[in-house]
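Throughout, protein chains are lettered first and strands after them, A, B, ... in sequence-line order, and every chain is numbered starting at 1.
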Protein chains: 2
Amino acid sequence: MLVDRFDLKILEQLQRDDSVSIAQLAEKVGLSVTPCWRRIQRLEKEGVIEKRIAVLNPGKLDLGLTVFVMIKTDKHSQAWLDAFQDVVQSFPEIMEVNRLAGEFDYLLKVITRDNAAYDAFYKRLIARIELSNVTSCFSMEQVKKTTELPLDQR
Amino acid sequence: MLVDRFDLKILEQLQRDDSVSIAQLAEKVGLSVTPCWRRIQRLEKEGVIEKRIAVLNPGKLDLGLTVFVMIKTDKHSQAWLDAFQDVVQSFPEIMEVNRLAGEFDYLLKVITRDNAAYDAFYKRLIARIELSNVTSCFSMEQVKKTTELPLDQR
DNA sequence: CCAGAAGGGCCAGCAATGCTGACCCTTTAT
DNA sequence: ATAAAGGGTCAGCATTGCTGGCCCTTCTGG
């Protein structure tokens with residue numbers, strides 16, 4: 001199975017705005033309603049569309065602080081790795097964790113209310129797992145933020 | 001205006017799954033349909049709910065490479081800042097840009113198809129704006145990824 | 001103590017949308 | 001030449017979205 005140009009147009013629209021009716025969507029992508037709807041069904045079934053969600057405004061919810069945490073470890077056992085996985089999953093403040101190639105082992109993106117909340121988080125984190133080096137980079141300003149994948153670059 | 005416990009329950013549900021009917025949502029949060037619907041309207045009007053979108057699977061769309069780019073600059077004029085803003089906005093591969101406090105000035109999150117596509121992106125980027133130091137950190141594995149804000153931490 | 005405001009519950013009802021099946025037609029591939 | 005894939009159109013039912021109206025309880029301030 002592959003994703004053709006119609007699919008891409010549908011996905012582009014839906015990842016930007018999910019609140020349109022299928023009739024409107026069909027018109028935008030140049031299909032009639034039925035095949036458009038069938039494609040959406042297929043894309044959902046195949047997992048190309050993972051979920052439909054509401055995007056909230058962190059600022060209005062008193063979650064104004066974003067911190068990137070760079071982590072080095074000297075433990076490279078499977079046991080440590082499993083433990084680390086469990087720990088990061090259990091913290092809702094941790095939005096994203098990537099294992100990196102290069103100087104740092106992990107990069108975490110953390111969202112909290114403020115400095116005090118971050119500090120509390122940090123203490124809880126290092127109490128749960130041993131990390132040989134932790135560098136916190138505070139975000140001063142979100143210059144760009146998008147949830148839209150670059151589908152035109154495929 | 002503030003966000004009360006009912007609002008939080010509604011937001012928690014919606015940021016997880018937007019595809020439920022209001023009737024189902026109302027039942028989950030312990031409200032009847034009408035007040036639940038009115039709250040959603042209010043949350044949208046006030047911008048707490050920013051948008052409704054479909055989340056796509058990058059892997060199934062041949063967008064398997066995530067790279068974090070750390071940037072230092074020695075230009076700190078308003079003109080450079082404006083130019084930088086324009087440049088990052090114009091690259092769809094750049095998903096997120098944060099201005100940092102500390103050693104690095106900016107952290108970019110970039111999504112591309114593969115190594116070759118990233119390299120092409122990198123060349124286009126440095127051709128567009130002068131950067132004194134650029135460090136690319138390749139993500140080997142996405143250990144955690146969530147779109148759900150930690151509302152219980154408020 | 002009373003009055004008013006806020007907000008939830010209930011109900012009714014129309015309009016719009018979601019969703020499905022059936023059938024036809026064109027294009028493409030074997 | 002034939003079959004399969006996929007788009008177009010249409011019909012139609014069920015569900016949902018959305019709105020207004022009304023009542024009741026709770027809370028708050030005079």
Side-chain angles (χ1 to χ4, degrees), chain A residues 1-63 147-149 151-154, chain B residues 1-63 147-149 151-154:
Chain A
M1 165 271 169
L2 79 169
V3 175
D4 67 13
R5 263 167 220 92
F6 279 129
D7 290 330
L8 280 181
K9 281 188 131 184
I10 291 170
L11 294 171
E12 256 170 45
Q13 292 295 327
L14 287 183
Q15 76 169 165
R16 183 168 308 145
D17 181 11
D18 185 23
S19 66
V20 297
S21 69
I22 298 181
Q24 291 172 290
L25 178 60
E27 202 201 335
K28 280 191 182 176
V29 304
L31 279 175
S32 68
V33 173
T34 308
C36 182
W37 190 85
R38 285 186 193 136
R39 280 169 180 271
I40 296 172
Q41 292 298 98
R42 202 194 71 234
L43 291 166
E44 279 181 343
K45 188 165 60 85
E46 287 172 349
V48 180
I49 297 174
E50 282 183 355
K51 52 185 176 176
R52 323 286 194 105
I53 63 161
V55 176
L56 309 184
N57 184 326
K60 302 215 174 187
L61 288 162
D62 199 18
L63 289 166
T147 49
E148 295 172 30
L149 293 174
L151 297 183
D152 35 348
Q153 303 298 316
R154 285 173 15 113
Chain B
M1 167 269 166
L2 79 168
V3 175
D4 66 14
R5 264 167 220 94
F6 280 129
D7 290 329
L8 280 181
K9 282 188 131 184
I10 290 170
L11 294 171
E12 256 169 44
Q13 292 295 326
L14 288 183
Q15 77 169 162
R16 183 169 308 147
D17 181 11
D18 185 24
S19 66
V20 296
S21 69
I22 299 180
Q24 291 172 289
L25 178 60
E27 202 200 334
K28 280 191 183 178
V29 304
L31 278 175
S32 68
V33 173
T34 308
C36 182
W37 190 85
R38 284 187 193 136
R39 280 169 180 271
I40 295 172
Q41 292 298 98
R42 201 192 73 234
L43 291 166
E44 278 180 344
K45 188 165 59 84
E46 287 172 351
V48 180
I49 296 173
E50 282 184 355
K51 52 185 175 175
R52 321 286 193 107
I53 64 162
V55 175
L56 309 184
N57 184 327
K60 302 214 173 184
L61 289 162
D62 198 18
L63 290 167
T147 49
E148 295 172 31
L149 293 174
L151 297 183
D152 36 345
Q153 304 298 315
R154 284 173 17 112

Quick note, B:Ser32 side chain, CB onward, closest among D:dG8, C:dG8, C:dG9 is C:dG9

D:dT16 P sits how many Å from B:Leu25 CG, rounded? 13 Å

Whole Å only: how far is the CZ atom of B:Arg52 from the P atom of D:dG17? 10 Å

Closest non-hydrogen atom pair, A:Glu12 against A:Asp152: OE2-N, 4.5 Å

Taking for A:Gln41 and for A:Gln24 the nucleotide of DNA chain C with the nearest heavy atom, the one nearer the 5' end belongs to A:Gln24

Most 5' of A:Thr34 and B:Pro35 on DNA chain C, judged by nearest nucleotide: B:Pro35

Residue pair B:Glu44, B:Arg39: steps toward the side chain to side chain contact (heavy atoms under 4.5 Å, CB included) verdict: CA-CA 9 Å; B:Glu44 278 180 344; B:Arg39 280 169 180 271; over 6 Å; no

Can you tell me the distance, in whole Å, between the CD1 atom of B:Ile22 and the C1' atom of D:dT16? 8 Å

To the nearest angstrom, the CZ-C1' distance between B:Arg5 and C:dG7 comes to 16 Å

Would you indicate whether the side-chain heavy atoms of A:Leu151 and A:Gln15 approach each other to under 4.5 Å? yes

Just the rounded figure in Å: distance from C1' of D:dG7 to CH2 of A:Trp37. 16 Å

May I have the distance from B:Arg42 (atom CZ) to C:dA6 (atom P), rounded to whole angstrom? 13 Å

Would you kindly give the CZ-to-P distance between B:Arg38 and D:dG20, to the nearest whole Å? 10 Å

Tell me whether B:Glu50 at atom CD has more than 12 heavy atoms from other residues, nucleotides or ligands lying less than 6.0 Å away. yes

B:Phe6 CZ - C:dA6 C1' separation (whole Å): 14 Å

